[in-house]
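To keep things clear, I will list the structure first and then write my remarks on it.
One-based numbering, in listed order, for ligands and for the atoms of each. Index from 1, following the sequence.
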Amino acid sequence: MRIDIITVLPELLKSPFEASILKRAIDADLVEVHFHNLRDYTTDNYKSIDDTQFGGGAGMVMMVEPIDKCISTLQAARDYDEVIYMTPDGETLKQGIANQLSLKENIIILCGHYKGVDQRVRDHFITREISIGDYVLSGGELGAAVLCDAIIRLIPGVLGNETSALTDSFQDGLLAPPIYTKPREYKGWKVPELLFGGNFPKIEKWREEQAYLRTKERRPDLLDD
Ligand code: ADE
């Protein structure tokens, strides 16, 4: 998989890809991540990427031309499955979206800034608009990092134990059940006895029940879908 991220602040984005699981995935050639600075696609001496709104109103708007030049350059080199725009008014990121995107070959992610991009960018280039939640960030970069993390960890071979992504919260529409490790007892706090018996069908049933109870208590909305 290849991910191309278009941003005015590459330095804000890079560190998550230089540590932990994302770095391992890149080093193992399971994913390529490329950063493109929008200012490299500007045409004036000031390297302008934004301007005031037509019709008046507070806040600057990202101009169509540098974005067109950047996306068109990428699209001339290869086909893209999706051109994603990170924006608070996009569809809210859910596990299902990460699952779908993890199966793609090439995607572009455009990070918005200021008031956002000229609507013509959205009309003519963008295939999908994604928000990471109902709050406004100062730019799309942190959202793009969240989206990339959610996608990349699902690529086969990225997580050490292949089954561990399948047992994440949300993968079966439920939150994950409680988990325990050694010691069996700490300060008198005991691990549920049934986890020691080696009765795996019983343990599996207990985990399913716990996942259901936890979901019912914390996220009843998930049970409605
Ligand atoms: N840019 C600004 N706010 C955002 C959000 N909530 N999700 C994605 N991109 C954003």
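Ring centroids of Tyr85 and Phe125 are separated by 6.0 Å or more, keeping the two rings apart.
Ranking protein heavy atoms by distance to atom 7 (N) of ligand 1, first place goes to Ile132 N, 2.9 Å. Among protein heavy atoms, atom 3 (N) of ligand 1 sits closest to Leu137 N, 3.0 Å. Regarding atom 6 (N) of ligand 1, its nearest protein heavy-atom neighbour is Tyr135 O, 2.8 Å.
Grouping the Ile, Leu, Val, Met, Phe, Trp and Tyr side chains by contacts below 4.5 angstrom, directly or via other members, places Met62 with Val83.
For the residues Ser138, Ala144, Pro88, the heavy atom positioned nearest atom 1 (N) of ligand 1 is part of Pro88.
Taken from CD1 in Ile107 to CD in Glu82, the straight-line distance is 8.0 Å, to the nearest 0.5 Å.
With 3.5 Å as the limit, one finds no donor-acceptor pair spanning the side chains of Tyr212 and Arg214. A side-chain donor-acceptor contact under 3.5 Å links Asp4 and Tyr80.
Side chains of Glu129 and Ile84 form no contact here, defined as non-hydrogen atoms less than 4.5 Å apart.
Between Lys115 and Asp50 there is no salt bridge, since no side-chain N of the basic residue sits under 4.0 Å from a carboxylate O of the acidic one.
Taking distance alone, with nitrogen or oxygen atoms compared against 3.5 Å, Gly143 stays at or beyond that limit from ligand 1. Ligand 1 has a nitrogen or oxygen under 3.5 angstrom from a nitrogen or oxygen of Gly133.
Within ligand 1, counting atoms from 1 as listed, the ones closer than 4.0 Å to a heavy atom of Gly139 are 1 (N).
Contact annotation: for Thr87 versus ligand 1, heavy atoms closer than 4.0 Å belong to the backbone alone.
By the 4.0 Å heavy-atom criterion, Ile130 is counted among the residues contacting ligand 1.
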